[in-house]
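In what follows, a structure is listed as structure tokens, so that the remarks can point back to it.
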Amino acid sequence: MVLTFFVLMLMNIIKTGHVSALGSCPKCGNVEVPYPFSTDDTCGDSRYKIYCNNSNNGNGILEFKSAEGFYYKILSIDPSAQRLIISPPDLVQDGDTCQTSDFSLQGLRLDEHLPFNVSTRNTVILLNCSDNLLRSPLNCTSNSLCRVFQDKLLEGKNNACKGGLCCHYLKDSHMTSYVIRVRVGGCTAYTSVVDIRPEDPVEKWSYGIELQWLPPN
Ligand SMILES: *[C@@H]1O[C@H](CO)[C@@H](O)[C@H](O)[C@H]1NC(C)=O
Ligand SMILES: *[C@@H]1O[C@H](CO)[C@@H](O)[C@H](O)[C@H]1NC(C)=O
Ligand SMILES: *[C@@H]1O[C@H](CO)[C@@H](O)[C@H](O)[C@H]1NC(C)=O
Ligand SMILES: *[C@@H]1O[C@H](CO)[C@@H](O)[C@H](O)[C@H]1NC(C)=O
């Protein structure tokens, strides 16, 4: 029985030149893990590695790891459109600080060797920008969508992201689709909104960073 299995597998390797693809992964808590995503070596396709965090009382949280090793929570996966949405990092506003939690890693960077990139449906909002940004093609005007976001940030003492220069841009195909960068001398915090339509009120914005993936060949 076992021997038959190995013989069949061997024949398959000889026939196709590689080990046949593994099946899809079991649920993470109560969250489906669609193929080709892989939460461990025994399932999915290893190029589509994501992480199942079960420390939240058994309610699974799927996470996507950036090239720099930062974990972003996965908000949704749409296998038919080959898109997933990850959560923008938290804003850290404390006294004089306006940063995102991935600031020390200079924001989000995807591994270019993996089949993911940032989709063209993200509007990126940058906060606490330096004057250098005024010479960039980004929209840092008083009409920028970042002002709408700043106005929506909660009132309170620790609100360093509310003031200061801010900008927005559509992550379109003219830009590198592997990074959203923050740094001293640029902007130190960001968020992203998926598929903004001009008529949408700020209450309807859906915050997230949409990634797309290439299907396994
Ligand atoms: C897993 O989830 C818990 C609870 O939400 C969180 O505190 C922890 O940082 C997560 N672990 C990773 C590696 O992201
Ligand atoms: C804004 O960023 C600059 C660095 O570019 C930093 O020195 C400053 O403290 C930041 N301001 C806030 C409110 O975080
Ligand atoms: C900046 O963005 C606002 C809001 O989308 C838009 O109305 C305005 O025309 C833009 N300005 C420039 C210079 O792109
Ligand atoms: C991102 O990847 C998709 C396929 O996954 C591809 O069609 C698209 O051209 C890529 N975009 C950029 C800007 O590289």
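These numbers come from the heavy atoms of this one structure, side chains and all, not from hydrogens, waters or symmetry mates. Just follow the structure's listing: the first ligand is 1, and inside any ligand the first atom is 1.
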### Task
Applying side-chain hydrogen bond (donor to acceptor under 3.5 Å, both in side chains), run through Ser144 and His168 and close with a yes or a no.
CA-CA 6 Å; Ser144 168; His168 87 264; 2.9 Å; yes

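Set against the non-hydrogen atoms of Asn53, the atoms of ligand 1 under 4.0 Å away are 1 (C), 2 (O), 3 (C), 8 (C), 10 (C), 11 (N), 12 (C), 14 (O). The atoms of ligand 2 that sit less than 4.0 Å from any heavy atom of Asn128 are 1 (C), 2 (O), 3 (C), 8 (C), 10 (C), 11 (N), 12 (C), 14 (O). Taking a cut-off of under 4.0 Å to the non-hydrogen atoms of Gly185, the atoms of ligand 2 that pass are 5 (O). Listed by number with element, the atoms of ligand 1 under 4.0 Å from a non-hydrogen atom of Ser55 are 1 (C), 2 (O), 3 (C), 4 (C). Numbered from 1 in the order shown, with element, the atoms of ligand 2 that lie under 4.0 Å from a heavy atom of Ala160 read 13 (C).
At a threshold of 4.0 Å, the pair Lys73-Glu63 does not count as salt-bridged, since none of the basic side-chain nitrogens sits closer than that to a carboxylate oxygen.
Proximity of Ser130 to ligand 2, defined as any heavy-atom pair under 4.0 Å, is not found for any part of the residue. Contacts of Thr188 with ligand 2, taken as heavy-atom pairs under 4.0 Å, involve the side chain alone.
Residue Tyr71 has no N or O atom closer than 3.5 Å to an N or O atom of ligand 1. The shortest N or O to N or O distance between Gly186 and ligand 2 is not below 3.5 Å.
Ring-centre distance between Phe64 and Tyr71: not below the 6.0 Å cut-off. Aromatic pair Tyr178/Phe116: centroids not less than 6.0 angstrom apart.
With sequence neighbours excluded, no residue satisfies salt bridge (charged side-chain N to carboxylate O under 4.0 Å, His left out) with Arg135.
The salt bridge (Lys or Arg N to Asp or Glu O under 4.0 Å) contacts involving residues 118-134 comprise Arg121-Asp195, Arg121-Glu210, where partners must be two or more places apart or lie in separate chains.
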Any protein N/O atoms within less than 3.5 Å of an N/O atom in ligand 3? List the atom names and distances, or say none.
residue  : atom   : partner : partner atom : Å
ligand 3 : 2 (O)  : Asn139  : ND2          : 2.3
ligand 3 : 11 (N) : Asn139  : ND2          : 2.9
ligand 3 : 14 (O) : Asn139  : ND2          : 3.2

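Environment of CD in Glu32: sparse, with no more than 12 heavy atoms of neighbouring residues, nucleotides or ligands closer than 6.0 Å.
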Would you give me the side-chain donor-acceptor pairs under 3.5 Å for residues 97-106, sequence neighbours excluded?
residue : atom : partner : partner atom : Å
Thr97   : OG1  : Asp94   : O            : 3.3
Thr100  : OG1  : Asp102  : OD1          : 3.1
Ser101  : OG   : Asp90   : N            : 3.2
Asp102  : OD2  : Tyr72   : OH           : 2.6
Asp102  : OD2  : Tyr190  : OH           : 2.6
Gln106  : OE1  : Arg181  : NH2          : 3.2

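The nearest pair of heavy atoms linking Cys161 to Leu91 is SG-CD2, 4.1 Å. A pairwise comparison of heavy atoms in Leu127 and Cys187 identifies O-CB, 3.4 Å as the closest pair.
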